[in-house]
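This report concerns only the one structure given below.
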Amino acid sequence: MLGNWNPKEIEPRWQKRWVELGAHNFEPRDAKRPVYSIDTPPPFTSGDLHMGHVLSYAYIDIAARYKRLRGFNVFYPQGWDCQGFPTEVKVEAKFGKKLSAAEFRQKCVEWTDEFIAKMRGQMTAMGFSPDWRYEYKTMSPAYHAKVQLSLLKMYENRLVYRAEHPVFWCAHCVSAIAKAETEDVERETELNFIKFISHETKDGFVTIATTRPELLHACVAVFVHPDDARYRKLVGTHVHVPIYDRAVEVLTDPEVDPTFGTGIVMMCTFGDKQDVVWTYRHRLPVVESMDRHGRLLNAGEFTGLKAAEAKAKILERLKSGGILVKQEKLKQTVKTHDRCGKPVELLTSKQWFCKLKGFEEAIKSAGHAMKWVPDFTLQYLVDWANFIEWDWVISRDRIFGTPLPFWSCRKCGEVVTADEKKLPVNPITDPPPCPKCPKCGGELEGEKATCDCWVDSSISPLIVTKWLDDEDFYNRTFPTTLRPQGTEIIRTWAFYTIYRSLMLTGKPPFKEVLINGMVLATDGKKMSKSLGNVIPPDKLIEEYSADAVRQWSALSGAFARDKPFSYKDIQYAKSFILKLWNASKFVEKSLEGFERRKTKGTSLKFRTVDRWMLSRINRLIKENTKNYDDYNYFAVITSLQDFFWHEFCDFYLEEVKHRLYQSEKFGEESKKAAQFTLYVTLLDIVKMLEPILPHTTEEIYDSIYKAHEGDKSLAQSKWPALYEKDIDEKAEKKAVLLNQVLTEIRKFKAENKMALNAEISAVKVRTLEPELLADVKEEIAEAGKAKKIETSQGDFRVEVVS
RNA sequence: GGGCCCGUAGUCGAAUGGUAAGACGUCACCCUGACACGGUGAAAACUCCCGGUUCGAUCCCGGGCGGGCCCACCA
């Protein structure tokens, strides 16, 4: 018998029990059931799940559980994105900088394993049901081997190459970064107006405006707009760069904005992306302006100073020399590194690239072939593909990352690739596959850089489906059915995964993409530690139960839309679960002596209200099969909430109590029909709620239904069958009228301060179709406690006589 | 500058080519044999504004105003 609802006891018990039962197991050799495979996002191993994780993983779990009920062989793995700068920072803070690279990496691994254990525990506490036998970590040797293999394959096809190129560079992290890792931040800076003396006329000068005087030494030209009449005479002449006294030419380019500053722009290698464009367009020389730590190079006496320091000193010098004409405040947007928040520079260096240019159309058409939920999110991918300007920089100068499987010759630069059979390799410590450069005999040097973490995660669907490891497994699971992920990483994770999958397998990696939004704080702002508005999931589970948190997730389900967290919703969820529990207790007690198998094949004496319930539940089965298929969990949960609370509990239960309690008066047959209806309706409700509220529904099933139904657990049972012929509009119409009459009686009692169970001597109902009431008079009399019922024909009106 | 999303009771939020769920909050009443973390009722929305299509629009189209996100530009 169901006792009190105690989630703290129920939830962990079922979490353990499901594993014992193998309720979530994928059966790779089961050829009978269709496979539903999920390319679950591997969260970055920060040590804590946040509400965004909870929402998105709840969505995934609901999908997995629903598909299992529908008879799919669900492949639901869970992985971890381990490698990244934040971990290095934390480990360095704890252990200092004295460790060797190998020791450092080892500490990172240990640290990450601890965090994974914690996060895995949180996922379990939420009732998430991945098949943990397929867990993966991006830092594992096996994962490294696959990433390296994928790069070797792409290298063979000339899709991976090494080149000198200006790249976004974070001087703080001392690493190249991809455009997708940058974030624009608005800040205020000063626009400095600086005199450049004319070379040809000696005494004439022009004034240019710049925000980056520290790059004067790298100035290789100045530009004006070709139509700018003010400067037409200057074009082709030369001006002297202050301090360094180098002459540079005055050139024209239509991309100069004549209205900005003085309409003359100095071009340095490289102040921003525009400079890169102009350098290529006008074939200008490149002055290496800065080193990897952001210190000036080739800057005379300022060489070695950090940019900010150099800027101050140079401005001082310009000012004292009378060369700085004026300064203006300027609002400016700077690119910053999204991981550390520091401004990024553009530096030329040797990096590894993946060839993206030229594949935009292929990526777009792969995107078009997928089902995007909601559909407009495809546009994010298309827009991004349309803006690809450079290839993808995949090397990062970090330690805790997947090593790039390459060596190169110190003398001639020839690249030597790792032996595919010996993966994973670490070129820093492992010997090269051949002792000397095969081309010139020079010494080989192992690549020190590691992979961008998107190189790791962009093969997640290949990893989980055992690409090149288990052909049968791969054929069954790849392409995966579902890729769930956030909006903010469409241009990275989704984009790179589609690209890599196309390059490596020729196929798109998944069929459906489910995009979730972000969970904001209750104030509508992003949750952040600095704002102090972070809501920890553990506390919510503690206070409201995991099922309530899951129900909140389903309620928050507007796809790809950010939503503030709502205590109101989770409180409602908790109340609903309690209501479900209490009503189940009532049903359980009402079913005493009822045996499901004895009703099979017999015809029951249903009353109209029973037919109404059976009709409504079948409508819900039909509706919610579609809603679940569409990932529209909001519609699922609201329709079930409303039906259960406001139809099943508020009306139906009240309308059958007399048949259950007074079978001597109303007949055993009537009682049995009511019992059957209660049994079926609650069972179907519980099944439809299982994906969202697995713990509570499992406990209800276990107590009331297991003995009758035979499935060991609700998680292993089947989605309710639809009996279309039970949909009965006539019965629904009669029940609606009955409920309207009961509402009027209740209103009367409330207005007259009567108890709801107080008797009334008569109720007179006028309605357009009084014959509809014939079948439900018993319910009016019993649920309304009306001694006498009179009906007549006319516009609806209910008169109560106390 | 470009793209996308959004604008419904005090608040949050569904739905629909035929004037609109539900929740929270508010008010009144009721401890009715599952539930007071409950029950029954009440009050509360010219569905942002202006046009158009339509017999009829909150829902479709155009324009505006307001909010959000992404991208580009920013010497």
Side-chain angles (χ1 to χ4, degrees), chain A residues 2 4-5 179 183-184 186 189 191-194 208-213 215 219 222-223 255-257 260-268 271-275 278 330-335 374-380 382-384 386-387 389 487-488 490-491 517-518 520 522 524 544 548 555-564 566-569 571-590 634-635 637-639 641-642 645-646 649-650 653-654 657-658 660-661 742-758 783 785:
Chain A
L2 295 168
N4 288 328
W5 180 60
K179 183 179 157 199
E183 202 170 49
D184 291 349
E186 203 168 89
T189 185
L191 186 59
N192 305 284
F193 291 75
I194 300 169
I208 65 106
T210 180
T211 55
R212 307 225 34 200
L215 290 178
C219 175
V222 301
F223 281 95
E255 280 182 55
V256 176
D257 177 2
F260 188 91
T262 61
I264 311 178
V265 49
M266 79 165 182
M267 207 229 83
C268 309
D272 61 32
K273 222 183 68 197
Q274 183 69 61
D275 293 340
W278 282 336
L330 178 72
K331 275 232 166 75
Q332 182 195 36
T333 315
V334 286
K335 281 209 184 307
D375 53 11
F376 67 83
T377 52
L378 167 62
Q379 197 59 36
Y380 291 110
V382 172
D383 286 348
W384 186 250
N386 287 338
F387 274 112
E389 291 170 299
T487 328
E488 72 285 1
I490 290 174
R491 59 183 173 140
M518 271 197 306
L520 305 174
T522 49
Y544 297 94
L555 277 167
S556 300
F559 305 100
R561 234 185 282 166
D562 296 348
K563 225 205 137 204
S566 155
Y567 279 101
K568 193 197 74 192
D569 285 350
Q571 180 55 54
Y572 180 78
K574 191 183 172 187
S575 309
F576 175 78
I577 295 165
L578 198 61
K579 185 80 181 174
L580 173 67
W581 186 266
N582 284 317
S584 299
K585 274 163 72 174
F586 170 79
V587 171
E588 182 173 45
K589 227 171 81 188
S590 305
F634 180 88
I637 192 63
T638 51
S639 73
Q641 275 171 193
D642 291 351
W645 206 316
H646 302 301
C649 291
D650 290 349
L653 292 188
E654 295 304 325
K657 277 179 177 171
H658 65 280
L660 299 164
Y661 293 137
L742 285 177
T743 297
E744 291 301 322
I745 293 173
R746 286 166 174 172
K747 202 185 287 184
F748 177 86
K749 288 179 178 175
E751 279 164 4
N752 292 283
K753 307 194 180 189
M754 293 164 72
L756 268 181
N757 62 346
K785 302 276 184 222

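What you see is a predicted model; the values in this text were computed from it and never measured. Numbers restart at 1 for each chain; the letters A, B, ... are given by sequence-line order, proteins then strands.
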Q. Dot-bracket for RNA chain B, 5' to 3', counting Watson-Crick or G-U wobble pairs under 3.5 Å, with [ ] for crossing pairs and | for inter-strand pairs?
A. (((((((..(((.........))).(((((.......))))).....(((((.......))))))))))))....
Partners of [X] by salt bridge (charged side-chain N to carboxylate O under 4.0 Å, His left out), sequence neighbours excluded?
X        : result
A/Glu654 : A/Lys657
A/Lys568 : none
A/Lys335 : A/Asp184

Under 3.5 Å, N/O pairs linking protein and nucleotides 8-12 of chain B:
| unit_1 | atom_1 | unit_2 | atom_2 | d |
| --- | --- | --- | --- | --- |
| B/C12 | O2 | A/Lys568 | NZ | 3.0 |

Q: Find the distance A/Met266:CE to B/A75:P and express it as a whole number of Å.
A: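 In whole Å, B/A75 P and A/Met266 CE are 11 Å from each other.
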Q: Check the distance between B/A14's P and A/Tyr572's OH and give it to me in whole angstrom.
A: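 Those two atoms, OH and P, are 15 Å apart.
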Q.
Pairing donors with acceptors under 3.5 angstrom, does anything connect the side chains of A/Asp650 and A/His646?
A.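 A pair is found: one side chain offers a donor N or O, the other an acceptor, under 3.5 Å apart.
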Describe the nucleic acid contact of [X] in one word from base, sugar-phosphate, nothing, applying a heavy-atom distance below 4.0 Å.
X        : answer
A/Leu653 : base
A/Asp257 : base
A/Asn757 : sugar-phosphate

With [X] via side-chain contact (heavy atoms from CB on, under 4.5 Å) - residues at least two apart:
X        : answer
A/Thr211 : A/Thr189, A/Leu191, A/Leu330, A/Gln332
A/Asn752 : A/Phe748, A/Met754
A/Arg212 : A/Thr210, A/Glu214, A/Leu215, A/Met290, A/Glu345
A/Asp569 : A/Trp552, A/Leu555, A/Lys563, A/Ser566

Q. Taking only N and O in the side chain of A/Tyr661, is any of them less than 4.0 Å away from OP1 or OP2 of B/A34?
A.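 Yes.
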Q. Is the distance from OP1 or OP2 of B/C74 to the nearest side-chain N or O of A/Lys335 less than 4.0 Å?
A.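 No, no such contact exists.
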**Q.** 5'-most by nearest nucleotide on RNA chain B - A/Asp642 or A/Lys657
**A.**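 So the residue in question is A/Asp642.
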Q: Report the residue (A/Cys649 or A/Val256) whose heavy-atom-nearest nucleotide on RNA chain B is the more 5′ of the two.
A: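 That would be A/Cys649.
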Q: Measure from the ring center of A/Tyr572 to the ring center of A/Trp645 and say whether it is less than 6.0 Å.
A: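 Yes, they do, as the ring centres are separated by less than 6.0 Å.
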Q) Any idea which heavy atoms bring A/Asn4 and A/Lys585 closest together, and the distance? A)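 Scanning both residues, the minimum pair turns out to be OD1-NZ, 4.0 Å.
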(Q) Quick check: closest heavy atoms across A/Leu756 and A/Arg746, and the distance to 0.1 Å? (A)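 Residues A/Leu756 and A/Arg746, closest heavy atoms: CD2-CG, 3.6 Å.
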Q. Quick one: does A/Trp278's side chain get under 4.5 Å of A/Val265's, heavy atoms only?
A.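 Yes - at least one pair of side-chain heavy atoms lies under 4.5 Å apart.
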Q) Which residues satisfy the side-chain hydrogen bond (donor to acceptor under 3.5 Å, both in side chains) test with A/Asn386, sequence neighbours excluded? A)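 Listed in chain order: A/Lys364.
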Between protein and nucleic acid, restricted to nucleotides 2-7 of chain B and to nitrogen or oxygen atoms under 3.5 Å apart, what atom pairs and distances do you find?
| unit_1 | atom_1 | unit_2 | atom_2 | d |
| --- | --- | --- | --- | --- |
| B/G3 | O2' | A/Asp383 | OD2 | 3.4 |

Pairs under 3.5 angstrom, nitrogen or oxygen only, protein versus nucleotides 37-44 of chain B, please.
| unit_1 | atom_1 | unit_2 | atom_2 | d |
| --- | --- | --- | --- | --- |
| B/G38 | O3' | A/Lys579 | NZ | 3.4 |
| B/G39 | OP1 | A/Lys579 | NZ | 3.2 |
| B/G39 | OP1 | A/Trp645 | NE1 | 2.4 |
| B/U40 | OP1 | A/Asp650 | OD1 | 3.3 |
| B/U40 | OP1 | A/Asp650 | OD2 | 3.3 |
| B/U40 | O2' | A/Arg746 | O | 3.4 |
| B/G41 | OP1 | A/Thr743 | OG1 | 3.4 |
| B/A42 | OP1 | A/Lys747 | NZ | 3.4 |

